[in-house]
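Sequence lines set the chain letters: A, B, ... in the order given, protein chains first and strands last, and positions in each chain run from 1.
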There are 2 protein chains.
Amino acid sequence: MARNKAFEPEEKLKKAKDLFWQKGYSGTTMQDLVDTMGLNRGSIYDTYGDKHSLFLMCLTSYADSTLADFQQAVTETKSPLKAIEKIIKRAVVRTVAEGKTCMGVKSTFELASVDAEVHTILKDNTNGMVAVLKELVKKAQKAGEISAKRDPGVVAAFIVANFTGFWQFYLVYQDAALIQQQADFLIRSIKK
Amino acid sequence: MARNKAFEPEEKLKKAKDLFWQKGYSGTTMQDLVDTMGLNRGSIYDTYGDKHSLFLMCLTSYADSTLADFQQAVTETKSPLKAIEKIIKRAVVRTVAEGKTCMGVKSTFELASVDAEVHTILKDNTNGMVAVLKELVKKAQKAGEISAKRDPGVVAAFIVANFTGFWQFYLVYQDAALIQQQADFLIRSIKK
DNA sequence: CCTATTCTGGAACAAACGTTCTGAAATATT
DNA sequence: AATATTTCAGAACGTTTGTTCCAGAATAGG
């Protein structure tokens, strides 16, 4: 009947995601997307809708992959405390290795208070990360690896909140060693 | 010789600051500023220069006042640990009471990686906040209020970094009690 | 009073923005 | 071969952006 799509929508979406990730939502123009995705204007609108819905797709994709990363750390590691430490370690690596600041955090500060759809995606994502860590904390407490005096939910939220601090400080100081010190301090804090 | 300025430049700057604070740099338009400052276009350009330099003035003003707030907490309180707790408490109040997210943090995520002047202001400001806390931690350690095993600089940075987590979580959950729990956990963490 | 300066509202500008449309080339299916 | 659909390059759209400019009203000092 008709010609097939000549491009991989998911592959192009990844390029769009990287661009939004780097430049933010309002910092990214439609022309940037046309250039970076290597796609025609019309093809973008036909395939993904307008700029805003394209961004939502990118943010959702990002959120899903980071959450999957969390969950993978759980299945990879037997000791719940080690799994927590692995998640923290990965946050450090992501902070200092990738040149870009966590897209979720950036989007939170740029859009969460003015864009309801973005807010929902970010809230769900944060819920997911906290839930994974909460389960790990509970298990670590049962295993005697973490003091049972702490509320698992508070500990979990505390860890996730600290990642945001990592990114802010790395943006300001660009000092990998500093982030590592913060992470060490964080791990020490949750054990007691 | 000539007519005097009919407005208070500082008072109008405060209005501009509040607007940038709420909507971010690129989210604020020149028309918004004209409307909110209650000033003529030309008067704004004559008095403050273009949008970017006006923003720098606002950000500097904000940074100075927050740092002064930190220093005031020091002079108000005798016990260094109590001063630290007061600073943390104020961060919680500012997070949940004011409807707006810390302008410094917002600007960090929006601009720090692409605007060298903004980056400098924010770095100086962060340096200042960390320095105040570092001195307090040192004194608290001498007074036996905080374990002497910790590096004062790391503890100070850890505290400031956690404030960013407060703001992120409040943006996502709008839950004052949650922020209070995080703050309590933070205070507990630095004592040991 | 006169003159210089600053205020005001609003027009004007070029550039950039997101979005839509056109028209031709390409390609799968019938 | 014919047809339907997609891709593409690019023109075109109406807004909105930051910025400049202008004419007139207002007010300080000489």
Take A:Y62 and A:D18, measure what side-chain hydrogen bond (donor to acceptor under 3.5 Å, both in side chains) needs, and give me the verdict at the end.
CA-CA 9 Å; A:Y62 180 89; A:D18 287 342; over 6 Å; no
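- Atom-to-atom, OH of B:Y48 to C1' of D:dT20 comes out at 19 Å; the value is rounded to the nearest Å.
- Rounded to an integer number of Å, the gap from CD of B:Q31 to P of C:dA11 is 12 Å.
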Please lay out, stage by stage, how B:E76 and B:Q72 fare under the test side-chain hydrogen bond (donor to acceptor under 3.5 Å, both in side chains).
CA-CA 6 Å; B:E76 279 178 4; B:Q72 196 196 353; 2.9 Å; yes
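- Side-chain nitrogen and oxygen atoms of A:S43 include none within less than 4.0 Å of the OP1 or OP2 phosphate oxygen of D:dT6.
- Across all strands, A:S26 comes closer than 4.0 Å to no nucleic acid atom at all (heavy-atom distances).
- Comparing A:G38 and B:M30, the nucleotide of DNA chain D nearest to each residue sits closer to the 5' end for A:G38.
- Using a 4.5 Å cut-off on side-chain heavy atoms (C-beta onward), A:R150 and A:F158 make no contact.
- In this entry the distance linking NZ of A:K51 with P of D:dT16 reads 15 Å, nearest Å.
- Other residues, nucleotides and ligands contribute more than 12 heavy atoms inside 6.0 Å of the NZ atom of B:K86.
- Spacing between atom CG of B:D46 and atom C1' of C:dT8 amounts to 12 Å, rounded to whole angstrom units.
- Rounded to an integer number of Å, the gap from A:D32 CG to C:dC17 P is 7 Å.
- Rounding to whole angstrom units, CG of residue B:D50 and P of D:dT20 are separated by 8 Å.
- Listed for the A:D32 side chain is a donor-acceptor partner under 3.5 Å among the backbone atoms of A:T29.
- If you take OH of B:Y45 and P of D:dC21, they are 12 Å apart, rounded to a whole angstrom.
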Contact list (N/O, under 3.5 angstrom) for nucleotides 9-15 of chain D vs protein:
unit_1 : atom_1 : unit_2 : atom_2 : d
D:dA9  : N7     : A:N40  : ND2    : 2.1

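- Checked for salt-bridge contact, A:E85 and A:R90 miss the test: no charged N lies under 4.0 Å from a carboxylate O.
- Look at CG on B:D35: it is 12 Å from P on D:dG18, rounded to the nearest Å.
- Note on A:K14 versus A:E11: no salt bridge recorded, every NZ/NE/NH1/NH2 to OD/OE distance being 4.0 Å or above.
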